[in-house]
Amino acid sequence: MHDPATEVEKLREELRRHEHLYYVLDQPEITDAEYDALMRRLQVLEAEHPELGAADSPTQRVGGKPREGFTKVHHTSQMLSLDNALNEAEVRDFDRRVRDLLGGEPFRYVTELKMDGLSMAAHYRGGQFVQAVTRGDGLVGEEVTENARTIRSLPLRVKTEIESFEVRGETVMNRRAFERLNAEREERGLSRFANPRNAAAGSLRVLEPQITASRRLDYYTYFLFTGGRAAFDSHWQSLEELSRMGFKVNPHRTIASGVEEVLAFCAEWESRREELPYEIDGVVIKVDSVEQQRLLGYTAKAPRWAIAYKYPARQAVTTVDGIDVQVGRTGALTPVAHLKPVEVGGVTVSRATLHNEDEIERLGLEIGDQVVIERSGDVIPRVVRVHAQGSYRKRFRMPSACPVCGGTVVREEGEAASRCINTNCSARLKESILHFASRGVMNIDGVGDALVDQLVDRGMVESVADLYSLTLEKLMTLERMGKKSAGNILRNIGKSKQNPLPRVLSALGIRFVGERTAVFLAETFGSLDVIAGAGIEDLQGAEEVGPKVAESVFQFFREPRNRELVERLRAEGLQFTYLSTRPKGGPLKGLTFVLTGTLPHLSREEAARRIEAAGGKVSGSVSKKTHYVVAGADPGSKIVKAQELGIPVLDEDLLLDLLRPE
Ligand code: IVH
């Protein structure tokens, strides 16, 4: 294919289809690596042909430049909240009121899961995503367009006849992303998010879209509006239309013809909520007919046609019988409370994480105390507070020797964690292998806890590199390992050699080098050998790499064991080089532009995006540092200032000339 414009459009179409299959329908047709390859091809073409750039291209989800603050935006109509029903009786009360107010007219309810996130409105014009606004106080929210653009399940372009519409829905973080984020934060010495909702809110409301991009948020829609009102007469129909348009709509919903069916749905999901990959905190019950919704009307803050049935908080009180210590990949010792078994939201809980010594101190917890525990997002519950001190109490002390290998335990200045410093510790090795194989890192399916335990305990694997020397015969000596699964595991291990350098880098388990930092390092240096040979100062040349990270990377490659590991992985054929896809430099590198007035073809945003894609900077005001002012119709005072300072003024044509790659 020789015409880049055609290829770009084709790639975009294809990527959009795969995004929808993967992020909305959860039915991918291609592997992550194949998807990445398509994305990279598109990135390369767009970098080579900045004139083909488009705000709704799938490449634009990576996260643009940071901003200084959020703009407040008025909602088209108030984003209301809901009244709560805390038990069955309150749902029946709600149903009675609805029936009374509708005076015996037949009606139906739509029941949906109440996802625990934060609500957001997204606006579309001509089928293109143009703006996203958080709920805020319901009347005025914050504009988070660039951040929302990074959410893969939010389509940037949809096929529809409706010229202008708005969707409303819930931004959530699924449990896996939440756990991963917290693990990464802990590793970097940052505080954990208490639950996925806080994590979602903290990820959407950040000034750097790249941070949002790395957090893997999800967006489920539940309203479709045109001109500030429901687009269809039936709420159910709106949901179906949203789904048809390519939005993610929670599939677990029903249309119910009476309160009994509603209650059955509530009960069903109360017991099944653990099956869901995200947190829910109840069920939302809505009258289906928009006409009847209008008849029922609103109280000051909530509609009379809907209610939230809230599940009870998943907390319980129990006794701490003891505190154990677990050893992680970096040698960090995590205290874990042993609890008198107790049921919390349908699951029997006997352990809760205590994170570190400081946390135990903060809680004022001793062994023997009664505590309130809570399950939210984390696989393993947490201790919220001490409920009552035990009559017999015992203080916890961090052991001075590693409970697994007996190695020395050290707590460094300014660190929350105590660590086993024996690099041969088998607990550390097991965790390192699990990290190496995990999703988002080397992504080796089938290498889980049970397998790793056996591999390490039998001495078959003493380093992650040994995974690549496993054979069918060796694997088949393991318990419950048939030829077929052994074959699959070997194939998955083999496939992992194709993972690009950033994954290899994060697989090495260098402290403070998560997925994101690994990408920046790979982008900047292009090969593992350059990174391994770089000095502390050079390393800081990569985005987001400060002295702490640079020091950690530097030290990692000074360690003979690690160098040996690297050599073994090289011999196995892992990817040690990386072809950067981001425009480096570009024709406008080092030049600052100011835009003013209306350009004939490009919107202000589009012009700015193209200047930035070509390596230039866009600034809001004219100063001595400005290189060019680009002026369109009705330019305003900036042009006067430019003339005063003798700064060249360009029109759109001249700008496009500059943008053309030499
Ligand atoms: S409808 C006027 N539907 O719950 C109707 N809300 O307690 C307002 N939520 O602010 C919202 N899942 O953040 C609706 N399927 C769903 C929902 C849902 C979660 C959240 C939303 C809302 C809050 C109300």
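The model shown is predicted, which means the values in this text are computed figures rather than measured ones. Counting convention: from 1, in listed order, for ligands and their atoms alike.
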Tabulate below the donor-acceptor pairs under 3.5 Å that side-chain atoms of residues 131-140 make, not counting sequence neighbours, or state none.
| residue | atom | partner | partner atom | Å |
| --- | --- | --- | --- | --- |
| T134 | OG1 | E142 | N | 3.0 |
| R135 | NE | M79 | O | 3.0 |
| R135 | NH2 | M79 | O | 3.2 |
| D137 | OD1 | L139 | N | 2.9 |
| D137 | OD1 | V140 | N | 2.8 |

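- Ligand 1 lies under 4.0 Å from heavy atoms of L80, L82, E112, L113, K114, M115, S119, E170, Y222, F223, V284, K286, P303.
- In this structure, K114 forms no cation-pi arrangement with Y222, as its terminal cationic atom is not both closer than 6.0 Å to the ring centre and no more than 45° off the ring axis.
- Considering only residues two or more places apart in sequence or on other chains, R180 meets the side-chain contact (heavy atoms from CB on, under 4.5 Å) condition with R216, E515.
- In this structure a side-chain-to-backbone donor-acceptor pair under 3.5 Å is missing from R108 to V287.
- Residue pairs that meet the salt bridge (Lys or Arg N to Asp or Glu O under 4.0 Å) test with at least one member in residues 245-266, sequence neighbours left out, are R92-E260, D218-K248, E240-R253.
- Using a distance-only test at 3.5 Å, with no hydrogens or angles considered, a donor-acceptor pair links the side chain of R304 to the main chain of L296.
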